[in-house]
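Let me begin by presenting the structure, written as structure tokens, before commenting on it.
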Amino acid sequence: MEQFDVVVIGAGAAGLFCAAQAGLAGLRVMVLDNGKKPGRKILMSGGGRCNFTNLYIEPAAYLSSNPHFCKSALARYTQWDFIDMVSRHGIAWHEKTLGQLFCDDSAEQIVTMLMDECQQGNVTLRLRSEVLAIERNEQGYTLQLNGAEIHANRLVIASGGLSMPGLGASPFGYKVAEQFGLPVLPTRAGLVPFTLHKPLLEQLQTLSGVSLPSVVTAQDGTQFRENILFTHRGMSGPAVLQISSYWRAGEPVMVNLAPDGGVDALLDEQRQAHPNQSLKNTLAMLLPKRLIEVLMSLGLVPDVTLKQLNSRQQADLVAHLSQWEIVPNGTEGYRTAEVTLGGVDTHALSSRTMEARTVPGLYFIGEVVDVTGWLGGYNFQWAWSSAWACAQALAS
């Protein structure tokens, strides 16, 4: 039977980084994954350029039943630490909007960097390996694989969540937690597009591909200012993906189509200059024409000229544009979700080491844990920070 100090299950962002750090500290480490290649989710993230962290990482950007849990790891291994590592490996990067950092070239550079670090730490990687059973005794953990049996003094679960099953996502990590008596909080898709009910879906389908800046607000008051995108299934875009993590079935979301205001001023100014101009053409100075036509068909924009528009109609119009209430039918689910909300209950883990409080030598890191970040590199940073905290504990 092969013997290792540490076995990490999952060759994604958290698993590879943790394995590399533990290997570099002198531990004998093996990484197991059921896929054909490591870092599959990294490779397709950020449109193939990997949004690997964010300049503005802060605990408030993470959802968890225990909002304090992420603070220790994020403070001890920061975005600046990971940026240093990326730069050390000669990977050129750039900032897009809102502090989001991407590779100039390709996400493959991040996977190559992690694999290089693993190689330096003499980490053993075994792909296409299914873990059939895990047993624990006083010496550690025995894993039954398809065709082999290995032993580890300590075991790290970095198997991710349920999002993107096409990339091998599975409930494996939750089952391990439950096997060892750790609570798992209900999971749901996060950072995911909304689907819409008919007839609204049919009325909005002509807008498929239209994108515009907006402020989207959830029922709990959380709001994001970014673009929304109309799709043939409903609504997407960064603002919608962000708010989806705060949305619950049956709740409305409020969309402000004119986040900079100025509708009243525009109408008053144009009425003075062009009283016979149609309201539709005037609003086209602010919003996409196709959107205005749909809003007219929904009865939210009257078909009048500016001189015909009375003060009450104008007030209603401004309210409709700034507080367009939409009740989503649901989300597109795990198939297109970027992350999984919920997971292994953080109350059962040490925030300093990621170790299960009641099961010595068993650790959970990354997305399998009930910590979910905003869109824009926050979830990758949680992967790096939780993996680093775990590796420090393994090496001590």
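Heavy atoms only: backbone and side chains are in, while hydrogens, waters and symmetry mates are out.
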Problem set entry | Distance in Å, Q270 CD paired with S278 OG, rounded so as to fall on 0.5 Å steps |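 Spacing of CD (Q270) from OG (S278) equals 11.0 Å.
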Problem set entry | CG on N276 to NE2 on H274, rounded to 0.5 Å |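 Answer for the NE2-CG pair, H274 versus N276, is 11.0 Å.
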Seminar exercise, completed: Taken in chain and number order and not counting sequence neighbours, the residues that satisfy side chain to side chain contact (heavy atoms under 4.5 Å, CB included) with T340 are L162, S163, Y174, T187, Y334, E367
Exercise. Is any side-chain heavy atom of D264 closer than 4.5 Å to a side-chain heavy atom of Q314?
Worked result: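 They are in side-chain contact.
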Exercise. Mind checking whether L229 and V192 sit in one hydrophobic cluster, side chains of I, L, V, M, F, W, Y counted as touching below 4.5 Å?
Worked result: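 No, it is not one cluster - the side chains of L229 and V192 are not joined through contacts under 4.5 Å.
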Problem set entry | Main-chain N/O of S236 paired to T231 side chain as donor or acceptor, under 3.5 Å | no
Exercise. Can you check whether H347's main-chain N or O pairs, donor with acceptor, with R357's side chain at less than 3.5 Å?
Worked result: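 Yes, R357 side chain to H347 backbone: donor-acceptor pair under 3.5 Å.
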Exercise. Given W384, which of F52, Y77, F82 fulfils the ring-ring contact (aromatic ring centres under 6.0 Å, His included) condition?
Worked result: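 For W384, the ring-ring contact (aromatic ring centres under 6.0 Å, His included) check succeeds only for F82.
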Problem set entry | D33 and R40 ion-paired at < 4.0 Å |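 Salt bridge: yes.
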For this session: Could I get the full list of ring pair (Phe, Tyr, Trp, His ring centres under 6.0 Å) partners for Y378, not counting sequence neighbours?
Result: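 For Y378 the ring pair (Phe, Tyr, Trp, His ring centres under 6.0 Å) partners, ignoring immediate neighbours, are W374.
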For this session: Could you tell me whether Q308 atom CD has more than 12 heavy atoms of other residues or ligands within 6.0 Å of it?
Result: yes
Exercise. Is the number of heavy atoms from other residues, nucleotides or ligands within 6.0 Å of CG (D268) greater than 12?
Worked result: yes
Which donor-acceptor pairs under 3.5 Å do the side chains of residues 2-30 make with protein atoms, sequence neighbours left out?
from: E2; atom 1: OE1; to: R126; atom 2: NH1; distance (Å): 3.2
from: E2; atom 1: OE1; to: R126; atom 2: NH2; distance (Å): 2.7
from: E2; atom 1: OE2; to: R126; atom 2: NH2; distance (Å): 3.3
from: Q3; atom 1: OE1; to: H151; atom 2: ND1; distance (Å): 3.2
from: D5; atom 1: OD2; to: R28; atom 2: N; distance (Å): 2.7
from: R28; atom 1: NH1; to: Q3; atom 2: O; distance (Å): 2.4

Exercise. If you look at every heavy atom in F364 and V369, which pair is closest and at what distance?
Worked result: O-CG2, 3.6 Å
For this session: Could you note down all residue pairs passing ring pair (Phe, Tyr, Trp, His ring centres under 6.0 Å) where residues 181-223 supplies at least one of them, sequence neighbours left out?
Result: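 Ring pair (Phe, Tyr, Trp, His ring centres under 6.0 Å) check on residues 181-223 returns F194-W247.
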Exercise. Would you say the side-chain atoms of R233 and Q205 include a donor-acceptor pair closer than 3.5 Å?
Worked result: no
Exercise. Going by the angle between their ring planes, with limits at 30° and 60°, are Y141 and F180 parallel, tilted or perpendicular?
Worked result: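 Aromatic pair Y141/F180 classed perpendicular.
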For this session: Dump the intermediate steps for salt bridge (Lys or Arg N to Asp or Glu O under 4.0 Å) on D81 and R76, then the final yes or no.
Result: CA-CA 9 Å; D81 294 315; R76 288 157 58 223; over 6 Å; no
Exercise. Salt bridge (charged side-chain N to carboxylate O under 4.0 Å, His left out) with E293: which residues, sequence neighbours excluded?
Worked result: K280
Exercise. Among all residues two or more places apart in sequence or in another chain, which pass the salt bridge (charged side-chain N to carboxylate O under 4.0 Å, His left out) test with R136?
Worked result: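 For R136, no residue satisfies salt bridge (charged side-chain N to carboxylate O under 4.0 Å, His left out) once neighbours in sequence are set aside.
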